[in-house]
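What follows is one structure encoded as structure tokens, with my remarks underneath.
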Amino acid sequence: MRAVIALLAVLSLVFLAGCEDKTTGPGEAGGYPDIDGLIAFYGFDGNMQDETPGGNDATSGTVGLPFVKDHNGNEARAIYVDGTSDSLWIPDHPDLRVTGSITLAAWIEPDGTALAYNAVIDKNYDDAYSLGLHGVAPGDTLTDIRAFIGDVMFEFDDVVPVGVDEWTHIAFTFVDSSDVGRFYVNGDFVGSIVAATTLGTSAADVRLGSSLYGDAYAGAIDQVAIFDRALDETEVGLLYGFD
């Protein structure tokens, strides 16, 4: 009888280990931040999977898209796009057609910026949403953070330093009812812009590292997050602190 009880105890431990919650702790490959409203999260821990239960996995536009060091210096836990043909595509899904309010966020390590829009996250910015950078001049180390909601541009001009070859966490939130877009850098609120627009829907795929119209970003990308609500500053800070 004791042997049977011992065996059952071992089997119970194995079962519980197999059922471990993916949100149990930061820094775990395959985990995601435990923050309400998260609909997609890409940790790029050697793969392009959506770490949330939504399962909206990304696919590479280029075979052999490289994995590089992440913002903590861990090997092969971020993705690299070259600013030309490289990008990641997330097939359209109803979960990604966000309305009402939204948060877009990512860690970025740009090679430099072109004198144009450099999209990091984009779902047809003419209709839906987008977040990226805009260069003041080619290769400039001071860039603007730019977002689009329903073909209306939100931009912080020349006030947000994003270093070339330096990791920075950027986030943007928008709420339809208030028309307020809020920008965050490294977990801190840096300012807001009010612009009358509506967060529309689009059947376009979500692109990471480029827009539907080819506005390409060059550099590393990590921990892309999309929420179907606007996070507050404390929550953005938690997202920034997630390892």
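Note that the structure is predicted; figures quoted are calculated from it, not measured. Side-chain atoms are counted along with the backbone in the values below, which use heavy atoms only and exclude waters and symmetry mates.
With contacts defined as side-chain heavy-atom distances shorter than 4.5 Å, the pair R146/N118 does not qualify. Contact annotation: the side chain of V194 approaches that of D179 to within less than 4.5 Å [non-hydrogen atoms, C-beta and beyond]. Proximity of P33 to L38: side-chain heavy atoms (C-beta onward) are separated by under 4.5 Å at one or more points. The shortest side-chain heavy-atom distance between R229 and E235 falls under the 4.5 Å cut-off. Using a 4.5 Å heavy-atom threshold, the side chains of D92 and K123 count as touching. By the 4.5 Å heavy-atom criterion applied to side chains, F67 and M48 are counted as neighbours.
No single ILVMFWY cluster, assembled from side-chain heavy atoms under 4.5 Å apart, contains both L88 and Y80. Side-chain heavy atoms closer than 4.5 Å link hydrophobic residues (I, L, V, M, F, W, Y) into clusters, and following such links, even through other members, never connects V175 to V152. By the rule that hydrophobic residues join a cluster once side-chain heavy atoms approach within less than 4.5 Å of another member, L208 and V68 end up as members of separate clusters. Residues I193 and V180 are members of separate hydrophobic clusters, defined by side-chain heavy-atom contacts under 4.5 angstrom among Ile, Leu, Val, Met, Phe, Trp and Tyr.
Under the ring-ring contact (aromatic ring centres under 6.0 Å, His included) rule, F154 has a single partner from F174, F183, Y125, which is F174. Screening S130, S202, S210 for a side chain to side chain contact (heavy atoms under 4.5 Å, CB included) involving D122 leaves a single residue, S130.
Between F148 and Y117, the ring-plane angle classifies as perpendicular under the 30° and 60° cut-offs. The aromatic rings of F41 and F242 sit perpendicular, their planes meeting at an angle over 60°, well past the 30° parallel limit.
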**Request:** Check the pair I90 / Y42 against side-chain contact (heavy atoms from CB on, under 4.5 Å), numbers first and verdict last.
**Result:** CA-CA 11 Å; I90 305 165; Y42 305 88; 3.3 Å; yes
**Message:** Could you walk me through whether R77 and D222 satisfy the side-chain contact (heavy atoms from CB on, under 4.5 Å) test, starting with their C-alpha distance in whole Å, then the side-chain angles of each, then the deciding distance to 0.1 Å, before giving a yes or no?
**Reply:** CA-CA 8 Å; R77 292 186 64 177; D222 194 19; 5.5 Å; no
**Request:** I would like to know whether T197 and D151 meet side-chain contact (heavy atoms from CB on, under 4.5 Å); could you show each step before the answer?
**Result:** CA-CA 8 Å; T197 187; D151 198 29; over 6 Å; no
**Message:** Run the side-chain contact (heavy atoms from CB on, under 4.5 Å) test on F156 and D144 for me, step by step, so that the C-alpha distance in whole Å, both residues' side-chain angles and the decisive distance to 0.1 Å come before the verdict.
**Reply:** CA-CA 5 Å; F156 251 73; D144 309 336; 5.8 Å; no
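Residues Y129 and F172 place their aromatic rings such that the two centres sit no closer than 6.0 Å.
Considering every non-hydrogen atom in both V120 and A106, the closest pair reads CG1-CB, 4.1 Å. Contact detail for G187 and H169: the closest heavy-atom pair is N-ND1, 4.5 Å. When all heavy atoms of A105 and I121 are compared, the pair lying nearest together is O-CD1, 3.6 Å. Across every non-hydrogen atom of V81 and G209, the tightest pair is CG2-CA, 4.2 Å. Nearest heavy-atom pair across W167 and K69 is CZ2-O, 3.3 Å. Shown here for D36 and F227, the closest heavy-atom pair between the two residues is O-CD2, 3.6 Å.
The main-chain N or O of G150 is never found under 3.5 Å from a side-chain atom of D127 such that the two would form a donor-acceptor pair. With D70 contributing its side chain and N74 its backbone, the two residues share a donor-acceptor pair below 3.5 Å. Side-chain atoms of D176 come within 3.5 Å of backbone atoms of L199 as a donor-acceptor pair (strictly under, hydrogens ignored). Looking at R182, its side chain never comes within 3.5 Å of a backbone N or O of F189 through a donor-acceptor pair.
Once rounded to the nearest 0.5 Å, the distance linking CG of D34 with CG of L239 reads 12.0 Å. Note that the OG atom of S87 and the CG atom of D215 stand 12.0 Å from one another [nearest 0.5 Å]. Distance check: I170 CD1 to I108 CD1 gives 4.0 Å after rounding to the nearest 0.5 Å. Distance check, rounded to the nearest 0.5 Å: OG1 of T168 to NE2 of H71 gives 11.5 Å. Atom CD1 of I39 is separated from atom CD1 of I102 by 6.5 Å, given to the nearest 0.5 angstrom. I145 contributes atom CD1, which lies 7.0 Å from atom CG of L131 (distance to the nearest 0.5 angstrom).
Looking at Y217 and D111, their side chains never bring a donor and an acceptor atom within 3.5 Å of each other.
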